[in-house]
Amino acid sequence: MPKRISPRLLTALATALLVSSCSAAGQDRAARDPYPYWEQGAGAPEAAAFMKVQVPAGAVEVKGAVQANPREDVYLLSFVTGAETAVRIAEDLRSEKPIHTKAADLPPDRELFGHVGLPEPQTLKGARWAGVCPPCVGDERRRSVAWIDVYVYDMAGGRSRVYLHAF
């Protein structure tokens, strides 16, 4: 008479097979899926053009990047300018709520501005934020942009760093 296999052993074997097949499938997908990746040669001019944002004359430390993704590419733009100019840029985005300091903000789950050598704006104490869906507020200039986050971080000497993140 054949020995009977316990239900616990069957459950353990089935679980082991499931876990190993999922992890192998994940490795296989990662090997063939190049996303996300940073587009070589794409920087501040490309990000500014996508967002329809004019980098102010006299702005310094202008940085930008484009991250390719399967659904929506991510555009990053940052620069240092006068504090009043920084606020005008944020206001020009036409957010329904004015730029404000968030009580708490979580850093992104992946590196964004760190790619261009900057701290993530969500981690900067006192950084002000506004977010806008340009098509939702009737901004025809930016009808191809689904969302823009803008952070303004005040620095010494009446200067501010502007961070723009769009997709």
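- Ring planes of Phe50 and Tyr75: parallel class, angle under 30° (limits at 30 and 60°).
- Interatomic distance, CD of Gln67 versus CZ of Phe167, reported as 12.0 Å (0.5 Å rounding).
- A heavy-atom distance below 4.5 Å is not found between the side chains of Cys136 and Trp147.
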Checklist entry - Would Val145 and Lys52 satisfy side-chain contact (heavy atoms from CB on, under 4.5 Å), going step by step from the backbone distance to the final call? => result CA-CA 9 Å; Val145 180; Lys52 307 288 191 273; 5.8 Å; no
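- Ala90 approaches Val152 most closely through the heavy-atom pair CB-CG2, 4.4 Å.
- Heavy atoms of other residues, nucleotides or ligands lying less than 6.0 angstrom from CZ of Arg141 number more than 12.
- Tracing side-chain contacts under 4.5 Å through hydrophobic residues (I, L, V, M, F, W, Y), one reaches Leu124 starting from Trp129; they form part of the same cluster.
- Residues Phe113 and Leu77 do not share a hydrophobic cluster, defined by chaining ILVMFWY side chains whose heavy atoms lie under 4.5 Å apart.
- A salt bridge links Arg143 with Glu140: the distance from a Lys NZ or Arg NE/NH1/NH2 to an Asp or Glu carboxylate oxygen falls below 4.0 Å.
- Contact record, Ala68 with Tyr35: O-CD2, 3.6 Å, taken as the closest heavy-atom pair.
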Item to check | Worked verdict on His165 versus Val74 for side-chain contact (heavy atoms from CB on, under 4.5 Å) | outcome: CA-CA 7 Å; His165 165 231; Val74 172; 3.4 Å; yes
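- Put simply, the side chain of Tyr163 does not reach to within 4.5 Å of the side chain of Asp149, judged on heavy atoms.
- With values rounded to the nearest 0.5 angstrom, Asp139 atom CG is found 7.5 Å from Asp92 atom CG.
- By the criterion of side-chain heavy atoms lying less than 4.5 angstrom apart, applied directly or through intervening Ile, Leu, Val, Met, Phe, Trp or Tyr residues, Leu112 is not grouped with Leu164; the two fall into different hydrophobic clusters.
- Heavy atoms only, all atoms of each residue included: Ser95 and Gly131 are closest at OG-O, 3.0 Å.
- By the 4.5 Å heavy-atom criterion applied to side chains, Ser78 and Val116 are not counted as neighbours.
- Rounded to the nearest 0.5 angstrom, Thr81 OG1 and Arg161 CZ are separated by 11.0 Å.
- Considering only heavy atoms from C-beta on, Val150 stays 4.5 Å or farther from Met51 through its side chain.
- Connection of Tyr153 to Val162 is not established within any shared hydrophobic cluster, with ILVMFWY side chains joined at heavy-atom distances below 4.5 Å, either directly or through further cluster members.
- Between the CG atom of Leu118 and the NZ atom of Lys63 there is a distance of 4.5 Å, given to the nearest 0.5 Å.
- Here the shortest heavy-atom pairing between His115 and Ala65 reads CD2-CB, 3.8 Å.
- In this structure, CZ on Arg159 lies 8.5 Å from CE on Met155, to the nearest 0.5 angstrom.
- Counting all heavy atoms, side chain and backbone alike, Ser160 lies closest to Ala86 at CB-CB, 3.7 Å.
- Connection of Leu76 to Val55 is not established within any shared hydrophobic cluster, with ILVMFWY side chains joined at heavy-atom distances below 4.5 Å, either directly or through further cluster members.
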